[in-house]
Number of protein chains: 2
Amino acid sequence: MTRARITLRDVAAAAGVSVATCSYVLSGRADRTTPLPEATRRRVEEAARQLGYKGNTAARSLRRQRSELIALVYAPPVGPWLDRLTLQCEDIAAGHGYSVIGVPIRRLDRAAQSLRVITRGHVDGAIFAPDLADFLDLTAARRSTRALLAFSEHLEAPGIDIVRNNVREAVAEATAYLLASGRRRIAFLSHAQTVNPARSDRYQGYLDALGAAGVAIDPRLVRAGAAAREDAVLVVRDLLDLPDPPDALVSESDRGAFAALQAAADRGVKVPDDLAVIGTGNTREASYSAPPLTSVGMYQLDFTAIVEALFARIDDPTLPARQLSLPWILNRRQSA
Amino acid sequence: MTRARITLRDVAAAAGVSVATCSYVLSGRADRTTPLPEATRRRVEEAARQLGYKGNTAARSLRRQRSELIALVYAPPVGPWLDRLTLQCEDIAAGHGYSVIGVPIRRLDRAAQSLRVITRGHVDGAIFAPDLADFLDLTAARRSTRALLAFSEHLEAPGIDIVRNNVREAVAEATAYLLASGRRRIAFLSHAQTVNPARSDRYQGYLDALGAAGVAIDPRLVRAGAAAREDAVLVVRDLLDLPDPPDALVSESDRGAFAALQAAADRGVKVPDDLAVIGTGNTREASYSAPPLTSVGMYQLDFTAIVEALFARIDDPTLPARQLSLPWILNRRQSA
DNA sequence: TTGTAGGCGTTATCAT
DNA sequence: ATGATAACGCCTACAA
């Protein structure tokens with residue numbers, strides 16, 4: 001119980017060889033010209049197993065200048081796609097001898113604290129999930145790690161690989177889809193306090209589609225302040241009580257869309273017949289709502305190339321920054 | 001860009017003092033008998049700032065035999081309570097100079113891989129969220145870290161602090177609540193393949209309450225196989241189609257309870273009038289369903305004592321294992 | 001085929 | 001009041 005930690009030296013003593021040999025056997029990817037004889041290798045492995053040798057990450061990191069750890073930075077709550085990303089990260093990381101840790105950012109105003117794991121040099125690389133990198137100061141992180149990769153629509157930073165989701169185009173496509181099905185009074189629901197065209201790709205996409213179709217924008221149909229679900233319900237009720245209510249609604253979030261479904265039920269408005277609803281994010285709950293929510297977002301993704309890009313940069317941090325693409329799509333369900 | 005990492009030696013050179021002094025100024029909590037003169041301290045701090053000195057965690061860990069990192073191990077998807085736990089962990093950890101990392105266990109069969117962060121000695125301590133510790137082999141983890149704390153109903157392991165939630169008692173209370181409101185045909189819905197009384201505290205709680213009230217168990221009302229939501233809907237529809245259908249339902253998960261709400265809607269059965277529904281877990285969605293779901297689970301928690309217990313054990317791993325308690329309660333909403 | 005030795009960057013224990 | 005210096009445990013070029 002109180003027995004000291006087993007070190008390489010202990011193993012070496014037990015196996016009757018030098019620590020160097022043990023190191024070669026147990027963790028050596030050293031390109032030795034000649035491999036060790038089977039007998040020695042076995043003796044060392046046996047001794048290590050018997051003693052329960054665990055190695056010491058700190059010592060190894062110090063020596064190798066690598067922690068063999070990558071971080072996945074994200075903002076809860078998360079949906080299925082982050083699950084997939086994590087799983088794939090772990091697989092690919094394992095292939096490189098790396099482990100993956102999660103860094104949940106609960107509150108943006110404490111991000112710096114959460115990111116200490118990165119800024120203090122605990123990890124060799126980090127992946128930033130969507131809707132995060134644009135609001136974070138990554139300079140400290142960039143200096144203290146070998147590789148950074150961010151899902152972001154706008155960020156451009158030297159030495160950081162970026163993944164674009166083409167959110168604006170996807171929302172435009174969704175809006176166009178509503179227009180194509182004959183809807184003309186399409187509302188837009190934002191979770192921000194005020195709708196700032198300059199800051200919202202989603203709103204821009206909405207505008208793009210209406211503009212392209214030559215449909216005038218009715219400012220009364222553009223509503224903000226739908227951050228909390230309760231507020232969103234009130235906002236949508238208000239929309240439905242207009243003398244000329246919307247016949248469709250695009251929400252900047254799935255949460256707002258769920259609120260719209262609820263408000264519609266409250267008012268006896270049928271979805272999708274009287275009101276088509278499209279959410280954004282394609283969260284897990286979208287499949288479960290009544291009716292299931294049509295939502296713009298990622299789906300069925302293969303993140304392999306992205307994770308490999310991170311490892312490529314870990315191997316060679318001087319690589320030119322790359323832009324990768326992972327377009328959002330319209331996931332059609334029953335609400336529109 | 002390619003400039004080498006700044007080390008203490010660089011700072012020392014710049015400040016014109018020794019590395020020892022720098023170490024003391026920059027990170028020394030050593031209880032020196034006498035504090036350093038203000039002038040020296042300032043000179044060092046200035047030099048460090050100018051050079052952008054970051055420190056090296058690996059070296060520090062190696063020397064101090066501490067990583068100043070704790071892990072929070074959990075199984076997604078997560079609800080609000082894990083958010084709270086994380087937030088409180090981060091606060092308390094920060095007070096101890098520690099950072100928190102998340103270790104999501106996506107699949108139990110790969111847990112060992114995910115747990116390498118712990119078994120390889122990257123962290124000084126780890127907290128295991130509920131429904132995890134009982135299915136994991138913690139021996140490797142226990143040996144490679146200073147402190148372990150697990151939310152678990154049954155686990156008893158030397159040197160691991162345990163938090164009990166009293167799940168069985170809470171489900172019994174919920175069932176008793178249904179009985180008290182006059183329900184007699186109370187169904188039980190399990191997400192397991194078969195209902196194994198020996199392994200399910202929730203089912204045990206259900207049995208306890210029925211037994212105490214002298215209500216006979218109708219085996220037809222006990223259903224398993226409700227793991228996926230779609231399956232659960234079918235199971236509940238089947239229940240509702242019985243000649244003598246249930247007037248209440250206790251689900252082993254909130255997911256199953258949502259399915260019950262949906263199945264009830266499909267069949268025109270009113271909740272809670274014709275069918276009272278109680279879920280388990282008190283997940284975030286419980287507040288959002290129609291009607292909002294009454295659910296047994298944790299709520300409004302203060303994890304301070306728990307996290308502090310972990311740090312106490314980090315400070316002194318020889319502490320006797322403690323049992324802490326954090327009872328589940330019945331969170332009443334509208335479905336029962 | 002195996003061992004020796006130097007060093008990764010810090011911190012702690014002495015000296016000075 | 002400050003500075004040498006020896007670990008911490010591991011990896012690897014080089015020597016034997």
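Only a predicted model underlies this, so the values are computations on that prediction, with no experimental measurement involved. Just so we're on the same page: letters track the sequence lines, and every chain starts at 1. Only heavy atoms go into these numbers, but all of them, side chains included; no hydrogens, no water, no symmetry mates.
In the set D:dC10, C:dT10, C:dC8, C:dC8 carries the atom at the smallest distance from any side-chain atom of A:Gln65.
Take A:Asp83 and apply the salt bridge (charged side-chain N to carboxylate O under 4.0 Å, His left out) test, not counting sequence neighbours, and it matches B:Arg106. Applying the salt bridge (charged side-chain N to carboxylate O under 4.0 Å, His left out) rule to B:Arg313 yields the partners B:Asp161; only residues at least two apart in sequence or on another chain are considered. Among residues two or more places apart in sequence or in another chain, the side-chain hydrogen bond (donor to acceptor under 3.5 Å, both in side chains) test is passed with A:Gln65 by none. For A:Asp134, there are no salt bridge (charged side-chain N to carboxylate O under 4.0 Å, His left out) partners, not counting sequence neighbours. Annotation: side-chain hydrogen bond (donor to acceptor under 3.5 Å, both in side chains) contacts of B:Thr145 (sequence neighbours excluded): none. Partners of B:Arg107 according to the salt bridge (charged side-chain N to carboxylate O under 4.0 Å, His left out) rule, which considers only residues two or more places apart in sequence or in another chain, are B:Asp109.
The CZ atom of B:Arg9 sits 15 Å away from the P atom of D:dG3 (whole-angstrom rounding). In this structure, B:Arg43 atom CZ and D:dA1 atom C1' are separated by 12 Å, rounded to whole Å. Between A:Arg42 atom CZ and C:dT2 atom C1' there is a gap of 19 Å when expressed in whole angstrom units. Atom CG in B:Leu26 sits roughly 13 Å away from atom P in C:dA12 (whole-Å rounding). Rounded to whole Å, the distance from CG on B:Leu8 to C1' on C:dC8 is 13 Å. Rounded to whole Å, the distance from CD1 on B:Ile6 to P on C:dC8 is 15 Å. Residue B:Arg41 contributes atom CZ, which lies 14 Å from atom P of D:dA1 at whole-angstrom precision. Between A:Arg64 atom CZ and D:dC8 atom P the separation is 21 Å, expressed in whole Å.
The side chain of B:Thr40 places an N or O atom within less than 4.0 Å of a non-bridging phosphate oxygen (OP1 or OP2) of D:dT2. The shortest distance between the side-chain N/O atoms of B:Ser23 and the OP1/OP2 oxygens of C:dT11 is below 4.0 Å. One finds a side-chain N or O of B:Arg60 lying less than 4.0 angstrom from the OP1 or OP2 phosphate oxygen of C:dT11.
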Under 3.5 Å between N/O atoms: give me all the protein pairs with nucleotides 4-6 of chain C, atom names plus distance.
residue : atom : partner : partner atom : Å
C:dG6   : N2   : A:Arg63 : NH1          : 2.7

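Between A:Val123 and A:Ile70, every side-chain heavy-atom pair lies at or beyond the 4.5 Å cut-off.
The overall bend of the helix from C:dT1-D:dA16 to C:dT16-D:dA1, read as the angle between its terminal helix axes built from five base pairs each, is 40° when rounded to 10 degrees.
Residue pairs meeting the salt bridge (Lys or Arg N to Asp or Glu O under 4.0 Å) criterion with at least one member in residues 121-132 of chain B, sequence neighbours excluded, are B:Asp131-B:Arg202.
Nucleic acid contact class of A:Leu62 (heavy atoms, under 4.0 Å, all strands): base.
No side-chain donor-acceptor contact under 3.5 Å links B:His96 and B:Asp315.
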